[in-house]
Each structure stands twice: as C-alpha cells, then as structure tokens.
Amino acid sequence: MITIKTEEEIKLMRKAGEIVGLTHHYLENYIKPGITTKKLNDLARKFILDHDATPSFEGLYGFPGTICISINEEVVHGIPSKRKLKEGDIITLDIGACYKGYHGDSAWTYKVGKVSSDKEYLLEHTEKALYEGLKAVKPGNRIGDIGYNVSAYASKHNLGVVRELVGHGVGSSVHEDPDVPNYGRQHTGPLLEEGMVIAIEPMLNLGTSEIYMLNDDWTIVTADNKPSAHFEHTVLVTKHGYEILTKR
Ligand code: MG
Ligand code: MG
C-alpha cells in the first residue's frame, strides 16, 4: 500500500532526513586511507544516537552492521569490518535513520584520496543519473518515468544499470511500497501524488549490469568485478515537484 503522508509525518521525515544528511557530512571527513569500515560504522552509530534517532539498518532483516559500507566492485549491503580503506578506493555509505518512528535513507559514493579516471567518470554520472531520475518526480507522472530517465541517462553513458535492486517508498518503515526501479517505461507504474515519500537510488556499474551475492549472504558485487556506484536521496512529492529530505 502506498501511503500519503500527513503534515505531521512530513515534519518528522524532514528531521529524519536531516539527520541522515548530517551523518553523511560528518563521516565524509573520516574517509581516508587507513581507516577501517568498522570505525566508520561505529562513528555513524554514535552520531545517529546522539541526534535522538536510531539507525534504520541495524538488525534490519538481520543485517550485522549499523550502516552498509560497500567498496569498489561491491554494489550494496557491504558489512562493516576490519578492512582498511586504500588510496584509490571508492566507498559507498548507505545510511538510514529513524526519528520518532519515521525514516530517512540516503546512499552516497565517495572517493578515497585520488581515484582513477574511470572511477571519477562512474561517480560523476551515477550522481547525475540520480538527478535525472528526480526530474521526473511530480504529481501526475508515474514511477516508470523515474526509471526511464535513470536508465536512459545510464545507457547514454555506457553504464550498467543494476535491475535486481530498486528504490522504494519510505515512511514508518524504511522500505515501503512502491518499488522504484532504475529502469522503466514512461507513463507506466503507480501514479505520483503529493505527499508520497520515495527513495530514488541508481546503482550503476562501470561494466556489466550483472551482479551476484558473496558467501557472507549480504554483500552484492558486480559479476565482472568492475566498480559500482550508488547515489540515493529520500524525496517528498510536492505540489509542483519534489523536496529532497536527505539534503547534505
Ligand atoms: Mg539506502
Ligand atoms: Mg533505499
């Protein structure tokens, strides 16, 4: 069921989104060669709790971390560990926070020091693909318009679109209806209405769109081991367009 949020719910979701944005901003300073992903995870945990919120992903479906941290060919759901970041890595932090019962969800891919030009290219165009998707968000458009924009932009730039993982509605659960795929046909799918909140999250690969899951039963990686990037915002559908709730 797709829910339309009340004014009161929207206020709480703005706050949840703000905390997610602040957590990203805070962690960005720590993304340097030598730091472990566990350390980043623990900093995120303390920061979210210190802001009167709880981490949305901790224990969600049994996830053994607070935030998802995915490096290079890892697409999503990387588990924080003793692994140290290296110069030239790219790292995706996928952060969720719950404030008074309402969630915000945002992923961003960062550079560790200086990265190769193909990684630069991947990051630049995955972020732009997110904004292409956002352009389709307004009442009267449909979910398929968002995915169409994302995949059209991705194929124009020769990037693989992950299809098995999708964006989603956000509210009192971090994952609600509707699914928001990064592919689609224009004028198809659920209608966008004022008051809906959705997470749009292109996951684009430098090579193949094919992925598989590692033996840890969580980490999703690209089938050809080429790098993957992930940019996500939670947005509110407004009267004439959208408002980003997870501003950075
Ligand atoms: Mg996310
Ligand atoms: Mg999400």
Side-chain angles (χ1 to χ4, degrees), residues 2-3 5 13 16-28 37 40-41 44-45 47-48 53-71 74-80 90-99 102-110 123 126-127 129-131 133-134 137 143 146-147 150 161-184 190 196-205 211 213 218-221 228-237 242-248:
I2 299 174
T3 58
K5 272 67 181 181
M13 296 200 71
E18 184 190 317
I19 293 166
V20 171
L22 286 169
T23 311
H24 269 288
H25 184 69
Y26 170 71
L27 288 181
E28 192 171 3
T37 57
L40 291 172
N41 180 81
R45 185 169 201 279
F47 189 89
I48 292 168
T54 54
S56 305
F57 303 144
E58 197 171 272
L60 184 70
Y61 317 120
F63 183 69
T66 300
I67 60 172
C68 301
I69 305 184
S70 309
I71 300 174
E74 297 173 355
V75 181
V76 288
H77 304 162
I79 302 171
I90 54 171
I91 175 179
T92 300
L93 305 180
D94 194 351
I95 302 174
C98 180
Y99 180 76
Y102 288 86
H103 295 266
D105 183 9
S106 173
W108 215 257
T109 305
Y110 299 91
L123 265 53
T126 309
E127 183 177 353
L130 166 61
Y131 291 101
L134 289 173
V137 180
I143 291 291
I146 299 171
V150 170
V161 179
V162 174
R163 297 174 73 93
E164 292 86 344
L165 301 151
V166 296
H168 49 90
V170 187
S172 55
S173 300
V174 67
H175 295 142
E176 292 189 348
D177 289 338
D179 281 352
V180 185
N182 294 306
Y183 56 90
M196 281 170 60
V197 177
I198 52 176
I200 299 176
E201 46 181 314
M203 288 151 258
L204 303 186
N205 303 341
I211 56 173
M213 190 188 282
W218 280 105
T219 314
I220 306 282
V221 298
S228 183
H230 183 194
F231 288 81
E232 173 185 32
H233 270 314
T234 300
V235 301
L236 167 70
V237 182
Y242 63 90
E243 174 187 335
I244 296 176
L245 300 181
T246 45
K247 279 191 208 87
R248 309 160 47 71

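Numbers here simply count residues along the sequence, with the first being 1. Whatever order the structure lists ligands and atoms in, that order sets their numbers, starting from 1.
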*asked:* Closer than 4.0 angstrom, basic N to acidic O: yes or no for Glu176 and Lys5?
replied: yes
*Side-chain contact, heavy-atom cut-off 4.5 Å: Tyr110 with Glu28?*
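In contact.
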Are [X] and [Y] close enough that a side-chain donor and a side-chain acceptor fall under 3.5 Å?
X: Thr92; Y: Ser70; answer: no
X: Thr66; Y: Glu58; answer: yes
X: Asp105; Y: His168; answer: yes

*Glu201 atom (N/O/S) at minimal separation from the Mg ion (ligand 2)*: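 Atom name returned: OE2.
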*Provide the atom name of the closest N, O or S atom of Glu232 relative to the Mg ion (ligand 2).*
OE2
*Is any N, O or S atom of His175 under 2.8 Å away from the Mg ion (ligand 2)?*
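His175 does not place any N, O or S atom closer than 2.8 Å to the Mg ion (ligand 2).
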*Hey, is the Mg ion (ligand 2) within less than 2.8 Å of some N/O/S atom on Asp105?*
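So Asp105 counts as coordinating the Mg ion (ligand 2), yes.
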*For the Mg ion (ligand 1), find the closest N/O/S atom on Asp94 and give its atom name.*
OD1
